[in-house]
Every structure is written in C-alpha cells, then in structure tokens.
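For reference, the structure is listed below as structure tokens.
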Amino acid sequence: MAGFCVCCSALKPRYKRLVDNIFPANPQDGLVKSNMEKLTFYALSSRPEKLDRIGQYLERKLSTDISRHRNQYVFISMEILDQLLVSCHAHSLNLFVESFLKMVQKLLECGDPKMQIRATQSFVKFANVEEDAPSYHRRYDFFVSKFSSLCHNNHQDVQTCRKLRQAGLKGLQGVVRKTISDDLQVNIWEAVHMDKIVPSLLFNMQESNHGSDGDHGEADTPQEDDDPAHLAEVVFRDLICRASYGNIKSVLSPVLTHLDNHNLWVPNDFAIRLFKIIMFSVQSQYGYLVVQMLLSHVDKNAKSDPRIKTCIVTVLYEAVLISAGNSTGPSVLEVFNNLLRHLRISIDRKSSDEHQRNEEIKFEEVVVNTIGEFANNLPDYQKIEIMMFVLGKFPQFTNEEEIGKMDKQLSFNLLRTLLKVATKYKTVSLSQAFPPEFLHPLLRISLIDDPGMRIIVQEILHTLLDRHGNSFKLKHISLPEDISSLHLTIKTNDRHDLLFMKKSGMQLYWHILENLQLESNKVDNFEAIYCTMCLLGIEVGQDEVIIELVRLALDIQQMTLSSSLPKTHICAIHSLVVAFLNMLGQVTQVNALSLHALRVAENRENEAPYLLPDFAFNRKNRPNSWSELQESDLYPKDTEIKESCLFHQDRLAECLRSAGLDVTRLSTPFSARPNLGYGVVGSGEGGTSVSDVGSINIDFENTDGSPRISKKTDEITVESLKKMLAEDSSAGKAEEERHRREIVHMFRSAPFEEIVARSEAISNHFHSKLNEILEIVSQDRIATEPQTQEIVYPKLFVY
C-alpha cells in the first residue's frame with residue numbers, strides 16, 4: 001500500500017509536487033524555504049499557464065484546510081501566494097490573480113478575526129503590485145463592501161476591534177489605489193462605492209480626538225500609525241488628492257449626507273475639521289467646487305433650523321479662508337447673489353420665538369462675514385463691482401417719506417455687508433474706488449433717517465478714503481495744539497484725486513451738510529462726519545480742496561446759526577467746525593488757519609465753553625437722553641453766540657491768502673443741490689429732475705434783442721399751470737423780473753468756474769434726457785414704420 005501511494009505521488013504533475021513539498025509535516029515550523037525557492041524558479045521559467053495552475057491548486061488546498069480548520073496550513077498557503085505574487089509580478093498575472101482574490105475572499109468570509117486580518121494583509125500586498133496588462137473582467141464590489149463593514153466592527157475585545165477596523169481601512173486604501181490607476185477596471189467613483197467608502201472613513205475619523213493641525217509630538221507618531229482615526233484620515237486625504245474635476249462631487253455628496261444623517265452640523269467642530277482636510281487635500285484649481293457644493297447645501301437647508309444653517313455657513317467661511325483666490329469660481333456674482341438671498345430669507349422670516357430670532361441673527365452675522373471673506377479673494381476691480389451689486393439689492397424708494405417704510409433690518413445688514421467688502425478693498429485712486437454708479441447711491445443712503453445706518457455709511461467712506469491708516473486716529477473729535485501726538489500718516493496727494501474732487505467733491509460736501517442738519521444725529525454721527533471731513537483734507541489736501549473744505553465749514557456754521565436744531569446739536573456742530581479747521585490747517589500746513597482756530601477756541605473757553613469738543617462730546621456725567629440734556633443746566637438758556645466765538649469769512653480769507661491760496665471761491669456758498677445723476681433721493685429712477693438743480697432758460701424776448709434769462713425752480717404740474725393762469729400778469733412780470741436780476745447778478749459776481757460747472761451740469765443733464773427721448777422715438781418709429789419695397793421703374797424713365 002505504501003508503495004502504491006509513492007507511485008501515485010510520482011504521477012502528480014511537477015507543479016503539484018513542488019507545492020506539496022513546501023508544506024512541512026509540522027505546521028509550526030512554517031514553510032520550507034528551499035522548496036519555496038524551487039517553486040518560484042519553476043513558476044518564473046515555465047510558461048504563464050503553469051502559474052495559473054499553481055494558483056488553482058493552492059486554492060483547492062486552502063479551501064480544504066479552511067473547512068478542516070487547519071489554520072496554520074491556511075497561513076502557509078497565503079504566504080506562498082504572497083511570495084509568488086511579489087516574485088512573478090512581471091509576468092502576466094491576470095489568471096493567477098483571479099485565484100488569489102478568490103482565496104482572499106474566502107478568508108474574509110470567515111468569522112475568525114485572524115483570518116480576516118491575514119486576508120487584508122495579502123490584499124494590500126496585491127494592491128501595491130503594478131500590473132502591465134489591463135484587466136477587463138475583475139470586480140471589487142465584494143471587497144469594498146467587506147472592508148467597509150470591517151471599518152464599522154464593534155468586537156467586544158478592544159484590541160481586536162481596533163485591529164479589524166485598521167484592516168478594513170487598509171483594505172479600502174488598497175482598493176482605491178488599485179482601481180484609480182486603471183481606467184479599464186471598475187469605476188470606484190460611482191455612488192454605489194463612494195456611499196460605502198466615505199461613511200466608513202468618516203465613522204472612524206469622528207470617533208477620535210486626533211487633530212488635523214499637526215501639533216502632535218514625535219513621541220506620538222508610533223501610536224498614531226496604529227490609530228484607526230489617523231489611518232482613516234490618511235486614506236481620506238489620499239482619496240481627495242486623487243479626485244479629478246468630475247469626481248469631486250462623488251466624494252463630497254456622501255460627506256454632506258453623512259453629516260446630515262448623523263446630526264454632525266451642530267456643533268460643527270468635526271465638520272470644520274473635516275472640510276479643512278478637504279480644502280488642504282483637494283487640488284487647488286478644484287477648490288471652488290467644494291465651495292459651490294456647500295452653497296448648494298445651504299440652499300437645501302434654507303428652511304432648516306437656523307443653527308444648522310449657521311454651522312454650514314461657518315464651515316463655508318472656513319473653507320473660503322483656506323481656498324484663497326480659487327474659492328469663488330467662474331460665477332462670482334452667483335455666489336454673492338446666493339448668500340444675499342439667504343440673508344434676505346432670514347430677515348423676512350418673522351419668528352415670535354426670541355431664541356429662534358437670536359439664532360437667525362447669528363446666521364445673518366455669519367453670512368455677512370462669509371461675503372466679506374469671499375470678496376477678499378477677488379481682485380480689487382471686482383470688489384467695487386460687488387459693492388455696486390450689493391447696493392442694487394437695497395429697496396427702491398423715490399422720496400423721503402418712503403425711506404421709513406423700508407425694511408430697515410435688511411438695509412442694515414446690506415450696509416454691514418457693504419462695509420465688510422469695503423474693508424477688503426485697498427484704495428489706490430479715489431476715482432476707481434468711487435465710480436459714480438457706486439458713490440451716488442451710497443450718498444443717497446447716507447440721508448436715511450436711521451442714525452445707525454448713517455454711521456455705517458460714513459464708516460464705508462472712511463474705509464475707502466483712508467489709504468494710510470488714519471481713520472482710527474480720528475474717531476473722536478479733539479482740539480490738539482500739535483497733531484504730531486496723533487501720529488498721522490500724511491503723504492503727497494495724487495493729481496488724479498484732485499480731478500476726482502473737482503468732479504464729485506460737490507456731492508460729498510452737500511451730503512455732509514445735509515447729514516449735519518438731521519435731528520436724529522447722535523454723538524457717533526457727528527464724530528463719524530468729522531472723521532470723513534478730516535480724511536478728505538488728509539488724502540486730497542491740495543489748494544482747491546482746502547478752499548472747498550473751508551467753504552464747507554463756513555456753510556456748516558451758517559446753517560447752525562439759522563437752523564432750529566436742538567441746543568445739543570448746535571453746540572456739537574460748532575465744536576466740530578473748530579476742531580476740523582484746526583485739523584485742516586495742520587495737516588495741510590496752513591499754520592495761520594490752525595492758529596486762528598485755536599484762538600477762536602480760546603475765546604470759547606472763556607465765553608462759551610459749551611461750544612468746545614471737551615464739553616459737547618463728553619460722554620461722562622451727562623443725562624442719557626437728548627431731551628434731558630437740553631433741559632439741564634449744562635447748556636445756557638440764551639443760544640445767541642458772540643462774534644468772537646465764531647469764524648468769519650474775511651478772517652479765514654486772510655489766513656488762506658497768507659499761505660498763497662486763491663480765496664475767490666470762498667465767498668460762494670453751497671446753495672444749490674448737486675446733480676447726482678444716479679439714484680438721487682427724489683429722482684425716481686433716472687437721476688435728478690430739472691427741479692432739483694434749477695433750470696436756466698434763455699430766450700430773446702427783450703425789445704433790445706438782449707437775451708432774457710429766467711430761473712425756474714418749480715416743477716411744472718397741472719396745479720402750477722392753473723395757478724399761473726389765475727395770477728395777475730403784473731405780479732408774474734415782477735416775479736420774472738426778480739428772477740432775471742438774480743441770474744444777472746449771479747453771472748456778474750459769481751466766479752467763472754462756478755458758472756461753467758452749473759452750465760455743464762445742466763447741459764449734461766439736458767443731453768442725457770434728449771438722448772433718451774431720441775432713442776425711444778427711434779425705437780417706436782422702427783416698430784411702427786411699414787416695410788418699404790423697392791420700386792422698379794421702366795427703362796424709359798431711367799436717364
């Protein structure tokens with residue numbers, strides 16, 4: 001019988017005998033190395049099909065050993081497979097790999113943790129082997145499912161659970177590496193696979209306190225390598241790095257779904273850490289796709305709890321911080337429009353629950369900050385466009401009465417958004433920072449009745465005017481004898497800024513004057529206007545601008561003397577004027593002007609101390625309300641101010657003339673309202689009407705042939721026409737004669753520059769309206785004009 005067995009064994013094929021010789025009699029001794037070398041040499045020197053037969057034979061032996069629970073022989077079989085795989089990878093491994101994967105699958109299907117861990121180790125070795133020939137039929141669905149289930153293992157023994165999860169994570173990493181590099185294999189980016197892989201990685205990442213900021217010492221490194229959370233993060237980073245343009249969404253969709261299903265947005269510590277990993281790992285040119293998906297997720301949760309929305313937008317904010325210039329993507333305005341729409345939705349949502357409303361306010365705050373951070377990643381010219389875009393979201397109104405009907409909360413948040421964007425802009429030229437389409441609506445909003453909103457408008461002006469960091473040093477009105485203590489930065493002004501002031505300075509001056517006349521002003525409003533005026537002097541302190549600012553100060557003083565403002569306002573404005581003239585004289589080096597301002601301040605110190613900043617803007621030891629302050633004894637009952645405490649035009653002219661300045665325009669007040677042209681309050685949709693700036697009509701009805709000039713400031717209506725017909729003709733002629741004399745006096749006494757400026761403003765407005773009319777007429781003519789046909793004449797009539 002023994003001889004028969006020897007005879008049968010001799011009849012076995014050589015590859016089988018070589019395989020059998022590797023297995024020792026005692027499995028504890030491990031495989032026989034010398035015989036393993038013989039098998040390897042045989043596999044390398046023989047034809048490729050021999051390698052396939054070796055694999056099939058090992059597969060049968062492995063199945064027999066598993067069924068008989070001979071685990072030691074199972075491990076030996078896997079070790080043989082591993083060595084063959086590594087040694088023979090240069091040959092065609094397609095058929096051999098099929099047998100190999102079947103054996104790995106059988107081990108993974110076993111309930112023994114040791115078998116599963118050993119199978120994973122073999123699969124990882126296989127994943128690291130680079131194959132020359134493509135495989136068209138290989139599938140990894142089972143391995144994705146099995147390794148994902150291992151990642152969620154909850155074995156009672158902590159160490160076993162840890163090892164099984166680690167095996168599952170390494171197996172997923174192997175699947176990803178093996179499939180991504182070969183387009184002919186299974187598409188691992190499909191949702192059916194990503195919905196298993198990504199949640200498995202996130203499940204292990206969220207169960208550890210491991211941070212992603214890299215602040216662990218070297219002593220912790222060995223422990224991190226064995227930590228499933230650390231390994232899961234490594235695999236997740238590797239997955240994100242390998243994702244191309246078309247695959248980013250395949251990874252992010254299950255990430256967002258996982259955060260939703262497991263309520264991981266509130267609190268959002270894990271979500272922030274997760275998206276930081278994503279933004280640091282994704283290819284830089286694809287960062288905007290992550291931002292777009294987060295924006296879409298905000299849309300999806302538009303009706304969700306405000307805390308969830310706040311956390312999502314906070315994650316978006318952190319992502320934008322990392323993404324730098326690649327966060328906005330190709331559609332810039334769409335991003336801002338999306339965020340502004342959510343801001344509007346949040347404001348429109350009226351909730352009686354105070355806690356709910358507070359959460360909405362937090363959400364609005366985060367949206368504003370996120371918009372500002374988005375704008376920070378844009379070039380400067382686009383920031384101006386974004387600010388104009390935000391201004392376009394303001395409610396439209398056509399007169400002062402409708403301003404109070406606006407949704408003030410929406411306007412307030414839009415202004416805060418505008419300020420946030422403005423802080424990210426670095427002004428180089430004032431003409432670029434204040435295009436008319438942006439400046440005029442902004443100045444219009446500066447006259448809104450709400451004092452808090454007016455302060456924000458002034459802060460926007462401060463941010464864009466201040467190029468040298470002086471605004472925070474001018475926040476409080478003071479009377480320094482030497483401004484060197486303020487450490488202001490004063491540099492040479494650009495000629496382009498002077499051209500800007502010639503074009504748009506009148507609008508700024510007029511709105512400053514109008515702002516000071518509002519009774520709802522608080523201390524902060526006066527100080528904000530003072531800062532704006534000082535910044536104009538510092539940034540554009542050239543000869544013409546100095547004269548205009550002194551004119552403005554005189555007009556402010558004259559307005560105060562003839563107005564019915566409260567005493568508190570009058571004293572505050574007078575103190576603002578003296579502080580401003582002192583500051584203007586020192587920053588422009590017109591020393592006579594600052595000395596005169598300090599001399600007037602000394603007179604007030606002796607005769608009217610309530611007209612000085614230390615008193616008018618002292619916030620200590622004063623009543624809380626303006627009405628109580630007016631009734632107190634802090635202010636005199638007699639509001640008449642002595643001449644020695646006021647500024648006079650002739651004295652200021654002497655100060656300016658001593659510095660070599662032309663004071664011709666100093667006597668001309670800012671009496672006319674400037675032509676804003678874009679979005680002026682009271683202008684309807686297209687700018688100021690003729691009644692806003694007055695109109696000068698010239699005809700030739702005088703008997704001597706000279707032109708008769710008349711100024712009409714009343715808008716022509718049906719009521720005005722009835723009134724004109726009812727009035728006595730003599731009274732009308734007298735009124736017309738009075739107007740004529742005023743216009744003639746203006747042409748004789750006013751400076752030539754002012755006459756030219758008024759004429760140009762009227763001419764430009766007239767031409768713009770004329771062009772609009774001609775365009776409408778031409779369009780109507782084209783629409784109504786019948787089709788013309790060519791008339792063919794007989795040759796007899798052709799000469």
Phe389 ring center within less than 6.0 Å of Phe336 ring center: no
Nearest heavy atoms of Gln356 and Pro306, plus distance in Å: NE2-CD, 3.2 Å
Min side-chain heavy-atom separation Tyr317-Leu321 under 4.5 Å: yes
Tyr140 six-ring centre to Lys178 NZ/CZ under 6.0 Å and within 45° of normal: no
With sequence neighbours excluded, residues passing side chain to side chain donor-acceptor pair (under 3.5 Å) with Asn153: none
Gln409 backbone acceptor or donor facing Asn413 side chain under 3.5 Å: yes
Over 12 non-hydrogen atoms of neighbours within 6.0 angstrom of NZ in Lys163: no
Ser346 side chain to Leu343 backbone, donor-acceptor under 3.5 Å: no
Which atom of Met194 lies closest to which atom of Leu239, heavy atoms considered: CE-CD1, 4.0 Å
Pairing residues for Lys393 by the salt bridge (charged side-chain N to carboxylate O under 4.0 Å, His left out) criterion, not counting sequence neighbours: none
Expected output: side-chain Asn268 to main-chain Val315 donor-acceptor under 3.5 Å: no
Non-hydrogen atoms of Val367 and Leu339 that approach each other most closely: CG1-O, 3.6 Å
Residue pair Ser304 / Lys309, side-chain donor-acceptor N/O under 3.5 Å: no
Side chain to side chain donor-acceptor pair (under 3.5 Å) partners for Asn154, two or more places apart: Arg165
Asp305/Arg307 ion pair, N-O < 4.0 Å: yes
Residue list, salt bridge (charged side-chain N to carboxylate O under 4.0 Å, His left out) with Asp299, at least two apart or on another chain: Arg341
Closest contact, heavy atoms only, Glu359 versus Thr310: O-OG1, 3.9 Å
Flag side-chain contact, heavy atom, 4.5 Å: Phe236 against Leu202: yes
Six-ring centre of Tyr57, Arg60 cation under 6.0 angstrom, axis tolerance 45°: no
Salt bridge (charged side-chain N to carboxylate O under 4.0 Å, His left out) against Lys249, all qualifying residues, sequence neighbours excluded: none
Qualifying residue, where the test is side chain to side chain donor-acceptor pair (under 3.5 Å) with Gln206 and the options are His262, Arg273, His258: His258
Worked verdict on Arg118 versus Ser122 for side-chain hydrogen bond (donor to acceptor under 3.5 Å, both in side chains): CA-CA 6 Å; Arg118 183 64 185 82; Ser122 296; 2.7 Å; yes
Pair Thr257, Asp260: side-chain N/O donor-acceptor within cut-off below 3.5 Å: no
For the student: nearest non-hydrogen atoms of Leu172 and Val144, plus distance: CD2-O, 4.0 Å
Within-4.5 Å side-chain heavy-atom neighbours: Lys106 and Ser63: yes
Residues that Gln72 engages under side chain to side chain donor-acceptor pair (under 3.5 Å), provided they are two or more places apart: none
Gln105 and Glu109: side chain donor to acceptor below 3.5 Å: yes
salt_bridge(Glu365, Lys420) N-O dist < 4.0 Å: no
Val104 and Phe126, any side-chain heavy atoms less than 4.5 Å apart: no
